[in-house]
**Student:** 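My structure is below; once you've seen it, I'll send some questions.
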Amino acid sequence: MKKYKLLSLFIVSVTILTSSCQKEGPQGPAGPQGTTGPAGQQGATGPAGTTNVIYSSWQLSGSSNWIFNSFTLSGSQDAVYMYNRPASGITSTVISQGMVICFMRNTGGPIGLQTSYVAQLPYTYISGNTVDHYDFTIPPAGGQIYFLYKNTISPLTTSALGFIEYRYVIIPGSIPGGRMKDPQAMTYHELCRTYGIPE
């Protein structure tokens, strides 16, 4: 009998001890807020953004403004015809640090480009043995753009070329890369949305 009493007391003791270890008391009040730690190191200054983007209006080239290429003309680049457009926003700083992107569109001429479709220069149209190539170049002093037309087999006339409209976008101090897509790799519509340019 004594043996059973001792066993019962042992079981009760273990049960009380186990339950007392598993119980959690009520949560105490929150302690005072600690002191603010020292400020971290400032990161390196990022590259300059592409502010002050300049864009031109669409301008019809006109047949009379296309001149036959002469090797005495600066920036001719062996073109059959050349159209010179003033662009005062293209400075030496833009030439050395920024970028100039040019676009063309057809307003109804037979130039192998669908009407109202916007193409970034350089643009090449191939039809059979005929290759029409449109490009641009900027003289070292800036201030203007030479729009070029090249075809060594069967060139278009100035009347046909006169239906072309051109516009340019100047992005000063642009640094392509990082999270920003290279503006030259954007479509025309992407470029307009990114820089708030009316299409």
**Student:** Count I, L, V, M, F, W, Y as connected when their side-chain heavy atoms are under 4.5 Å apart, and connections chain through other members. Are M82 and V131 then in the same cluster?
**Tutor:** no
**Student:** Does the side chain of Q120 come within less than 4.5 Å of M104's, by heavy atoms?
**Tutor:** no
**Student:** Which pair of heavy atoms, one from F147 and one from W66, lies closest together, and at what distance?
**Tutor:** O-CZ3, 3.7 Å
**Student:** Apply side chain to side chain contact (heavy atoms under 4.5 Å, CB included) to the pair Q114 and N106, showing each step before the final yes or no.
**Tutor:** CA-CA 7 Å; Q114 186 178 351; N106 182 15; over 6 Å; no
**Student:** Cluster question for you: counting only ILVMFWY and a side-chain heavy-atom cut-off of under 4.5 Å, with indirect links fine, are Y123 and F136 together?
**Tutor:**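 In one cluster: yes.
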**Student:** Would you check if the side chain of R85 reaches a backbone N or O of Y168 as a donor-acceptor pair within less than 3.5 Å?
**Tutor:**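 Pair absent, no side-chain N/O of R85 close to backbone of Y168.
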**Student:** Quick check on the hydrophobic clustering: are Y125 and I111 connected, directly or via other members, by side-chain heavy-atom contacts under 4.5 Å?
**Tutor:**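 In one cluster: yes.
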**Student:** Could you give me the CA-CA distance, side-chain angles and deciding distance for V169 and V100, then say whether side chain to side chain contact (heavy atoms under 4.5 Å, CB included) is met?
**Tutor:** CA-CA 6 Å; V169 177; V100 179; over 6 Å; no
**Student:** Is there side-chain contact between Q59 and E165, with heavy atoms separated by less than 4.5 Å?
**Tutor:**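 They are not in contact (no side-chain heavy atoms under 4.5 Å apart), so the answer is no.
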**Student:** Going only through I, L, V, M, F, W and Y residues with side-chain contacts under 4.5 Å, is there a path from L161 to F68?
**Tutor:** yes
**Student:** Decide yes or no for L191 and E199: does some side-chain heavy atom of the first lie under 4.5 Å from some side-chain heavy atom of the second?
**Tutor:** no
**Student:** Return the minimal non-hydrogen interatomic distance between P172 and V94, and the atom names on each side.
**Tutor:**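 Closest pair (atom of P172, atom of V94, distance): CB-CG2, 4.4 Å.
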**Student:** Could you check if a side-chain atom of Y55 sits within less than 4.5 angstrom of a side-chain atom of P198, using non-hydrogen atoms only?
**Tutor:**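 A side-chain contact exists here, since the closest heavy-atom pair is under 4.5 Å.
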**Student:** When you compare the side chains of D132 and Y149, does any donor N or O come within less than 3.5 Å of an acceptor on the partner?
**Tutor:** yes
**Student:** Taking E190 first and then K181, would you say they form a salt bridge - that is, a charged N and a carboxylate O separated by under 4.0 Å?
**Tutor:**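 Between K181 and E190 there is a salt bridge, with a charged N closer than 4.0 Å to a carboxylate O.
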**Student:** Would you name the heavy atoms of I138 and G142 that are closest together and state the gap between them?
**Tutor:**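 Result for this residue pair: CG2-CA, 4.2 Å.
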**Student:** Flag the pair L148 / Y134 as yes when at least one side-chain heavy-atom distance between them is below 4.5 Å, and no otherwise.
**Tutor:**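 The answer is no; the side chains never approach within 4.5 Å.
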**Student:** Applying side chain to side chain contact (heavy atoms under 4.5 Å, CB included) to I171 and I101, what does each step give before you reach the verdict?
**Tutor:** CA-CA 8 Å; I171 304 178; I101 306 172; 4.2 Å; yes
**Student:** Could you check whether Y188 and R105, counting side-chain N and O atoms only, form a donor-acceptor pair closer than 3.5 Å?
**Tutor:**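 Result is no, nothing qualifies.
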**Student:** Find out if a path of hydrophobic residues (ILVMFWY) with successive side-chain heavy-atom gaps under 4.5 Å connects L60 to I145.
**Tutor:** no
**Student:** Would you name the heavy atoms of Q144 and I90 that are closest together and state the gap between them?
**Tutor:**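 Minimum heavy-atom contact is O-CD1, 4.3 Å.
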**Student:** Start with the C-alpha distance between Y81 and L156, add both sets of side-chain angles, then the distance that settles side chain to side chain contact (heavy atoms under 4.5 Å, CB included), and finish with yes or no.
**Tutor:** CA-CA 9 Å; Y81 292 108; L156 295 169; over 6 Å; no
**Student:** Is the closest side-chain heavy-atom distance between C102 and Y166 below 4.5 Å?
**Tutor:**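 Contact flag for C102/Y166 side chains = no.
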